[in-house]
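Down below is the structure, laid out as structure tokens.
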Amino acid sequence: MADEFVLDTPVVRAFVADVRGAIDASSSPEDACERIRPRFAALLADDDWLPAAYQEPVPDSGMGGGIGQWLLFRAGDGSLSLFALVVPPGSQTPVHDHLAWGLVGLYRGDQDEEIYAAGDGALRLAGTRALVPGDFYALLPPRDDIHRVRTTSAVASVSVHLLTNDTGCVWRHAYDPETGSVRDFRSGYVNVRCVDDGGI
Ligand SMILES: [Fe+2]
């Protein structure tokens with residue numbers, strides 16, 4: 001499989017090239033995230049690079065709640081993806097994991113995030129954080145890998161994810177936080193198919 005630049009612009013190509021350079025030069029995921037931080041901050045601060053079409057909620061999406069997961073780039077070998085997650089006002093994601101390290105930040109709107117720790121039975125709420133545009137964090141599983149995000153603004157929130165898997169197409173997990181029950185979960189993307197969807 002070849003790399004897929006769904007949003008094929010000089011900004012995205014330069015960003016991905018810089019990210020790959022940082023990963024190649026790094027000694028660990030933590031180190032890579034540190035090296036990528038300035039580039040990721042600049043992307044979140046750039047008002048022009050993400051077209052409005054990728055900031056739209058999607059009624060009847062696979063994520064539910066009108067949530068749109070828009071792929072922007074993915075590596076041909078499944079080792080990297082860049083996508084926008086659009087959560088309408090008042091909507092929230094299921095409690096879910098990601099199974100890959102990377103950086104996640106807010107581009108538009110406001111979000112509240114609940115972070116959970118798995119244990120025996122019910123999940124434990126391990127922390128919360130409020131995010132405003134420009135805020136971002138390094139995701140380094142298993143630490144803080146299970147969470148739920150909710151939009152608190154009157155407009156849809158748009159978060160930018162740079163993760164080291166093909167997040168929309170890998171099987172991961174959704175949780176019932178009260179019971180701790182787990183189901184296999186694949187979010188998909190609204191604008192591209194997964195290779196093993198039976199599609200082309
Ligand atoms: Fe997430």
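Each ligand, and each atom within it, is numbered from 1 in the order the structure gives.
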Checklist entry - Tally of protein N/O/S atoms under 2.8 Å from the Fe ion (ligand 1)? => result 3
Item to check | With sequence neighbours excluded, residues passing side chain to side chain donor-acceptor pair (under 3.5 Å) with D18 | outcome: R39
Checklist entry - If we ignore angles and hydrogens, is there a donor and acceptor under 3.5 Å between the side chains of H96 and H173? => result no
Item to check | Pair listing, salt bridge (Lys or Arg N to Asp or Glu O under 4.0 Å) test, anchored in residues 94-108, at least two apart | outcome: D47-R108
Checklist entry - Can you tell me if Y54 and E56 form a side-chain donor-acceptor pair at under 3.5 Å? => result no
Item to check | Heavy-atom pair of closest approach, residues G109 and P133 | outcome: O-CD, 3.1 Å
Checklist entry - Which pairs count as side-chain hydrogen bond (donor to acceptor under 3.5 Å, both in side chains) when at least one residue sits in residues 66-76, sequence neighbours excluded? => result E4-R74, Q69-S187, R74-D166
